[in-house]
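As structure tokens, the structure follows; a few thoughts come after it.
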Amino acid sequence: MTTMESLIGLVNRIQRACTVLGDYGGDDGSSFSSLWEALPTVAVVGGQSSGKSSVLESIVGRDFLPRGSGIVTRRPLVLQLHKMESGTQEYAEFLHQPRRKFTDFALVRQEIQDETDRVTGKTKQISPIPIHLSIYSPNVVNLTLIDLPGLTKVAVEGQSESIVQDIEAMVRSYVEKPNSIILAISPANQDIATSDAIKLAKEVDPTGERTFGVLTKLDLMDKGTNALDVLEGRSYHLQHPWVGIVNRSQADINKNVDMIVARRKEREYFATSPDYGHLANKMGSEYLAKLLSKHLESVIRARIPSITSLINKSIEELESEMDHLGRPIALDAGAQLYTILELCRAFERIFKEHLDGGRPGGDRIYNVFDNQLPSALRKLPFDHHLSLQNVRKVVSESDGYQPHLIAPEQGYRRLIEGALGYFKGPAEASVDAVNFVLKELVRKSIAETQELRRFPTFQAELAAAANEALERFRGESKKTTLRLVDMESSYLTVDFFRRLPQEVEKAGSPAPSNVDRYAEGHFRRIASNVSSYIGLVADTLRNSIPKAVVYCQVRQAKQSLLNHFYSQIGKKEGKHLSQMLDEDPALMERRLQCAKRLELYKAARDEIDSVSWVR
């Protein structure tokens, strides 16, 4: 295979793979869709009945396109020709039927018709959705051609009023691209000044650098006339030479004359023509195919740096996305267990960052201790508990039938124990509030652990295991904080009460006599003393409850959140491990597509590097 065939064949394979992988014609701005845009293609443009189909069939050497009157090509046909080794059987493949090889080209024609009808219906409407067809043959040159609906001037019955503008807009969308080579087909038996193809080509390519003019139906011109003024560039000059084509006659088509025979007849026509004999070596469909192929080679050579740059950019994007999606999971249990442990470590790292301040959220635990707990302590109903009426009631009930002689010790104890019982509410509330924060941080950490996103089943199991552990920590924390309250109730600070009479004497006030021990002032002093003691205890618990909560919940969450999960996961069988690592089907499909693209672009880069650029 020559260097030129290698170059064009490489571009053909890249275009084919881009099409198969869905990178064709995208407008998302990514390098994937840009790669197709960077590769040159040949857009075949002409008016209806200008001979476009005959030109394409002459280049391919096969009769494979639908025929008829009016608009026949109703969807763009992206035709990729792949040159095969001599003696190889030729065949065709459609993108929408990738596993079927067509060796009968009459069936190819029928499939094009059926696939067109599938989208447009059996009407005369058009669709911009392309049909992709690849032909592998030793009788073709490597080319990518796009057959477009024929330009028309009026809508016929069964077509929308906008059909003229719709077709032109569709054709323009292909020929306006800077990497598009325009093959402008015009019939020789019409004035070139009225050619729809030339008119459009002049608008999108005013310099003519991308336009190749093709003149068909030379053998149908009026006797005594010829098209030399056009073919020799005097009527309308292009940067590239005009090429004349002699199509098969309707009689030949009706007789199913072989295209190889038609090519021979075309050569004989130009060789023996008194008008075109001196141009015979630059006329005909075979020369046109070689001319386009040679031009494609020069275009590809000029754009190799930009193509290589886009391929490298695509590879970088794909490798980044593959890292984001994660590599495929191995099938053996050992590798799956290792993956699970790595996922757990990634989650724990983020969870600890939330607690330690690397990520937001841990400050909410401090807010529980600094705001919620003090606020709850201030709202405890001590005013009611130490009201004069309640103090008298509690003290009297504590004395029973025998009134207290000096100080109502049992009354003090009951009042204090009753007041201390109120501390259990804020203590439990602090435990529950921190538990809620920790569960929220677990949820956020799972969501922020990128490695976990591909495993929804494992996310659920991990969340359940973490929350189960937090519930255990919550239970231990609640026991500990309530134990702190009970400890205050079980042993009162004696020194506080020993100081009370001394402080009264130091103040110079005589000790209350037995006469006023049931007076209002006596009970007020009791309430005041109990209130002072409760305030002392509240200060103690305000400091000790956070310590207990942090020790039992936060510290345990940091150190052993998944310890029980680790002990259980090691006992799981391979089947259960596989179920845990069951991925989202959409993500698996996305990774498969990325892997295919990555393989394509790396192969393309290697092929470009291996091709010799020597002319």
Task: Minimum heavy-atom distance between S477 and V549, given as atom pair plus value - done: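 Smallest heavy-atom distance, with atoms named: OG-CA, 3.6 Å.
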Quick check for you: to the nearest 0.5 Å, what is the distance between [X] atom [atom1] and [Y] atom [atom2]?
{"X": "I340", "Y": "F455", "atom1": "CD1", "atom2": "CZ", "value": "9.0 Å"}
{"X": "R483", "Y": "S489", "atom1": "CZ", "atom2": "OG", "value": "13.5 Å"}
{"X": "Q97", "Y": "L133", "atom1": "CD", "atom2": "CG", "value": "11.0 Å"}

- [ ] Look at atom CG of D383 and say whether more than 12 heavy atoms of other residues, nucleotides or ligands are closer to it than 6.0 Å.
- [x]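 Check fails, neighbour count at 12 or below.
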Can you see whether [X] engages [Y] through a side-chain donor-acceptor pair at a distance of less than 3.5 angstrom?
{"X": "H354", "Y": "E448", "value": "yes"}
{"X": "S134", "Y": "E93", "value": "no"}
{"X": "S375", "Y": "N371", "value": "no"}

[X] side chain near [Y] side chain, heavy-atom distance below 4.5 Å:
{"X": "T308", "Y": "N312", "value": "yes"}
{"X": "I446", "Y": "F351", "value": "no"}
{"X": "V485", "Y": "T481", "value": "no"}
{"X": "S180", "Y": "R210", "value": "yes"}
{"X": "P76", "Y": "I131", "value": "no"}
{"X": "F347", "Y": "L561", "value": "yes"}

Open item on the list: For the backbone of V395 and the side chain of Y412, can you confirm whether one donor and one acceptor N or O come within less than 3.5 Å of each other?
Closed with: no
Task: Aromatic ring pairing Y422/H385, orientation class (parallel under 30°, perpendicular over 60°, tilted between) - done: perpendicular
Any salt bridge between [X] and [Y], counting N to O under 4.0 Å?
{"X": "R472", "Y": "E468", "result": "yes"}
{"X": "K439", "Y": "E471", "result": "yes"}
{"X": "R414", "Y": "E417", "result": "no"}

